[in-house]
Trainee: 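My structure is below; once you've seen it, I'll send some questions.
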Amino acid sequence: MSDSPTNRQQLPGDDAPYDDDDIHIIHSQLMREKDEPSEGFSPVPIVLLFLFGGLVFWGGVYIANFGGKFRWDVYDPNWEPGMTAGPAVKDKWKTGERLFMNNCKACHQENGAGVPGSYPPLAGSSWVVGDDHRIVKILLNGLSGPIDVEGSSYDGAMPSYGPSGAGWDDFKIAAVATWVRGNFDNGAPEVAEETVAEVRAETAGKSGAWSGAELLDAHPF
Amino acid sequence: MSPFLSFFNKIDPQVETKPKVALSEVDHEMRLPVLLFTISGILWLLIGTFFAIVASFKMHSPELLANFEPLTFGRVRSAHLNAMTYGWANNAVFAVGLWIMARLCKAHIRYASMLIIAGVFWNIGVTIGIIGILTGGLTSVEWLEMPPQVGPLLAFSYVLIGMWGILMFRFRERGHVYVSQWYILGALFWFPWLYVVAITMIFLEPARGTIQALTNWWFGHNVLGLWYTPMGLAAIYYLLPKVLGRPIYSYYLSLLGFWSLALFYNWAGVHHLIGGPIPVWLISAGIVASVMMVIPVVVTAINHHMSAVGNARAVWQSPTLRFIVFGAMSYTLASFFGSWMALRSVNVVTHFTQFTIGHAHHGVYAFFTMTMFGGIYFMMPRILEREWPSAMLIKVHFWCAAIGIGMMLVALHVGGWIQGMDLNNPDIPFFSPDSSARTILGALKPWLFSRSISGILLTIAHIAFFVNFALMLIGPRAVRYKEGPTLLAAERKGA
Amino acid sequence: MFEWNLYLMIIAVFGGIFFATAVAALWWSAKHGQLRNFEQGSRVIFDDEEPEGVHTDYFPGESAKASDKLREIR
């Protein structure tokens with residue numbers, strides 16, 4: 001047999017009925033016999049060019065609209081130049097609920113009833129209502145040791161959410177205190193951020209958690 | 001001309017030199033490395049399948065093996081991902097990709113021992129990594145869960161393989177660079193860049209904050225986009241015209257596809273962080289790049305379709321093409337889905353759901369793995385000079401894999417979409433003690449269950465493949481090639 | 001902000017090298033005729049052993065067709 005390309009291109013006789021492979025051979029033969037394109041550029045279907053053009057156009061528009069002008073400090077796709085951050089909407093009630101659900105619910109339970117013998121209730125508790133300095137102090141520094149709540153005694157430790165614990169700011173402390181005092185049919189008035197700031201300044205030197213007796217001395221029911 | 005460029009320019013492509021090396025000689029010289037990679041790849045495929053089945057069943061029956069620490073969900077899921085990625089997929093890429101590279105270069109194989117050393121170290125590295133994951137040493141970075149200590153070992157093996165590929169290219173006897181070579185060469189450059197940057201910026205010299213997340217998803221997405229995709233496409237561009245015996249429909253389109261892929265894919269990974277705390281222009285650029293991926297995909301799809309159209313019978317008669325055409329069609333579909341999922345309005349539903357998992361399997365299994373199966377079916381008879389022992393097992397493999405992955409994709413896409421809609425609806429709880437209540441978990445469970453069923457089908461497929469391969473490897477001499485394509489070589493020598 | 005600048009520099013340098021490589025590869029391919037004669041380029045995968053016009057893959061036991069075809073061509 002020969003390796004020369006011209007021999008390889010020869011077809012089987014025309015008399016035989018063509019099967020699949022024959023057709024392919026003829027097909028490839030035909031393709032081979034096409035003139036070589038002088039510049040070697042087979043045309044791209046025109047529809048494709050329109051599609052690609054459209055895509056590039058869309059991409060440009062998208063970047064222009066949602067690109068945040070390539071600023072490192074823009075995180076919102078709907079940002080517009082000249083848009084200043086409006087006054088932060090701080091909703092004490094919503095924040096308080098979220099904070100409670102994420103931090104307090106595990107012990108004090110969703111309905112605020114606590115767990116008898118282990119975690120004191122918040123619903124209907126005299127510790128919660130009344131003088132708001134008391135609850136703020138508990139939140140800021142925590143509370144440990146024996147206490148009596150509505151006739152049952154508890155001996156546990158409530159962690160600090162203030163400077164020696166979770167480090168919440170005045171707003172967060174005020175928010176969760178407001179929510180606990182206003183929820184569970186407690187009906188106590190809200191706690192102002194200023195109150196928290198005041199208590200925080202007052203107790204700045206306090207280290208460790210409060211004891212029940214200390215708090216009751218300062219803020220009797 | 002710069003010395004760097006002259007390195008690649010040994011041959012003037014315009015002068016048709018007659019290659020001195022026959023394909024069968026290339027096949028013969030590549031036998032050892034290809035066998036090493038293929039065998040380890042298939043073993044990893046089985047191991048990864050086992051992990052997949054365990055992880056999948058735990059999704060709807062969490063009590064299964066719950067007390068056996070190494071197979072708890074967190075570990076077995078990562079073990080599955082890493083065994084499939086670094087074990088199966090990379091070994092398959094090394095075998096099929098390097099073999100195609102060698103065939104297209106038409107030169108005698110040099111330094112095959114480099115590949116053997118690299119293959120041994122690579123598989124040792126992956127083994128240590130998987131053991132590390134199962135014993136609890138895994139990192140929290142998706143796609144890089146293996147303990148970072150194995151990184152240098154893998155990087156070393158990889159460098160050997162990459163260097164071999166480039167040396168092979170350097171000493172090629174054929175002037176023209178075929179489109180598959182472009183893809184393979186590109187991938188050989190891209191993967192080490194991805195891997196080394198990711199390892200460095202996440203583990204060795206950790207970057208701060210969200211940069212790590214960006215690096216993570218840039219890496220994770222590009223492993224698929226700039227490593228598996230080009231290797232899969234290289235295999236399709238080589239095998240589709242090869243088996244059909246007619247050239248690709250438009251060679252110009254294929255090169256356009258390569259360069260637009262190279263341009264756009266690198267950006268696309270950021271769409272994994274839509275809604276995340278990174279500057280919005282980065283995310284928008286990622287979204288635009290993801291949508292721009294339509295260009296290479298349309299180009300590739302047209303090219304593949306026009307090459308195969310009218311040859312349905314030939315495709316059906318060839319085990320290779322059954323898998324390859326399935327893979328090529330999946331590539332088109334998966335890529336369109338990917339572009340669509342990158343849009344903010346769609347992503348808000350699909351993010352954090354099984355939809356994304358389905359999409360990952362669409363790309364890595366339905367496209368990439370099926371293509372590699374096809375490549376191995378074409379490659380092994382030529383490497384071993386033996387026929388596949390059983391046509392029946394090939395058919396079982398194809399049908400179980402095709403039906404299995406089809407079922408999995410439907411289950412995860414539909415289930416994931418429902419899950420996403422439910423997650424965005426605050427009225428539907430995640431879980432409720434009341435079993436009659438409409439919950440996210442309850443709605444998802446049947447889909448997760450069908451995923452496990454599809455996993456069983458895939459397991460059957462993989463076992464059929466393994467058995468067929470093992471018989472081919474160790475079978476009696478009687479099954480040696482008596483006829484068929486590789487005989488062409490024998491005929492030529494005898495004539 | 002030392003750390004940031006360092007990263008920025010490293011990324012810029014490597015990114016530059018990477019980009020330059022890509023441009024060089026494209027330039028090289030254009031310069032050396034890789035983008036010419038597409039029709040011919042698409043045929044480099046065929047040779048005497050696996051020539052154009054012959055299906056080269058069948059299920060085991062059916063590949064005699066390919067051999068026959070090849071003999072006819074030769």
Side-chain angles (χ1 to χ4, degrees), chain A residues 1-5 7-8 18-32 34 36-37 39-81 83 110, chain B residues 16 18 22 210 241 243-257 260 264 267 274-296 298-299 301-303 306 310-317 339 342-345 488 491-492 494-495:
Chain A
M1 61 157 275
S2 160
D3 277 339
S4 86
N7 276 2
R8 271 193 286 128
Y18 291 152
D19 65 16
D20 240 10
D21 293 337
D22 289 312
I23 289 168
H24 291 134
I25 294 166
I26 292 166
H27 190 78
S28 61
Q29 169 84 346
L30 287 175
M31 286 179 75
R32 237 192 308 258
K34 265 195 299 189
E36 295 286 356
E39 276 306 309
F41 264 63
S42 26
V44 180
I46 194 82
V47 187
L48 279 189
L49 284 182
F50 278 114
L51 172 70
F52 297 164
L55 276 172
V56 172
F57 180 73
W58 173 86
V61 171
Y62 193 88
I63 288 275
N65 282 342
F66 303 110
K69 291 279 177 290
F70 295 98
R71 283 173 55 151
W72 67 270
D73 57 349
V74 173
Y75 294 80
D76 177 4
N78 296 317
W79 180 85
E80 298 283 346
M83 196 162 108
E110 202 166 344
Chain B
E16 263 311 306
K18 187 134 190 75
T210 49
V243 176
L244 290 177
R246 67 185 229 190
I248 201 83
Y249 162 72
S250 165
Y251 194 64
Y252 170 71
L253 279 183
S254 68
L255 284 185
L256 179 67
S260 48
F264 293 127
W267 295 74
I274 292 175
I278 53 173
V280 75
W281 70 267
L282 262 171
I283 296 177
S284 291
I287 294 172
V288 168
S290 307
V291 175
M292 287 298 152
M293 278 303 295
V294 167
I295 295 176
V298 164
V299 162
I302 291 180
N303 223 348
M306 295 305 285
N311 282 290
R313 220 179 91 195
V315 168
W316 206 239
Q317 283 173 340
S339 297
L343 298 172
R344 281 194 167 89
S345 50
L488 312 183
E491 244 177 41
R492 199 177 62 95

Trainee: Under a 4.5 Å heavy-atom cut-off, does chain A meet the side chain of B/Ile302, its backbone, both or neither?
Mentor: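 Just its side chain gets close to chain A.
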Trainee: Would you say that A/Trp58 contacts B/Val291 through its side chain, given a criterion of any heavy-atom pair below 4.5 Å between the two side chains?
Mentor: yes
Trainee: Give the minimum heavy-atom separation between B/Ser284 and A/Phe66, together with the two atoms involved.
Mentor: OG-O, 2.6 Å
Trainee: From B/Ile295 CD1 over to A/Leu51 CG, what is the distance, rounded to the nearest 0.5 angstrom?
Mentor: 7.5 Å
Trainee: Is it the side chain or the backbone of B/Ile274 that comes within 4.5 Å of chain A heavy atoms, both, or neither?
Mentor: neither
Trainee: Determine the minimum heavy-atom distance between B/Arg344 and A/Tyr62, stating which atoms define it.
Mentor: NH1-OH, 2.8 Å
Trainee: Quick one: what part of A/Asn65 sits under 4.5 Å from any heavy atom of chain B, side chain, backbone, both or neither?
Mentor: neither
Trainee: Please name the pair of heavy atoms, one in B/Pro279 and one in A/Trp72, separated by the smallest distance, quoted to 0.1 Å.
Mentor: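 It is CG-O, 3.4 Å.
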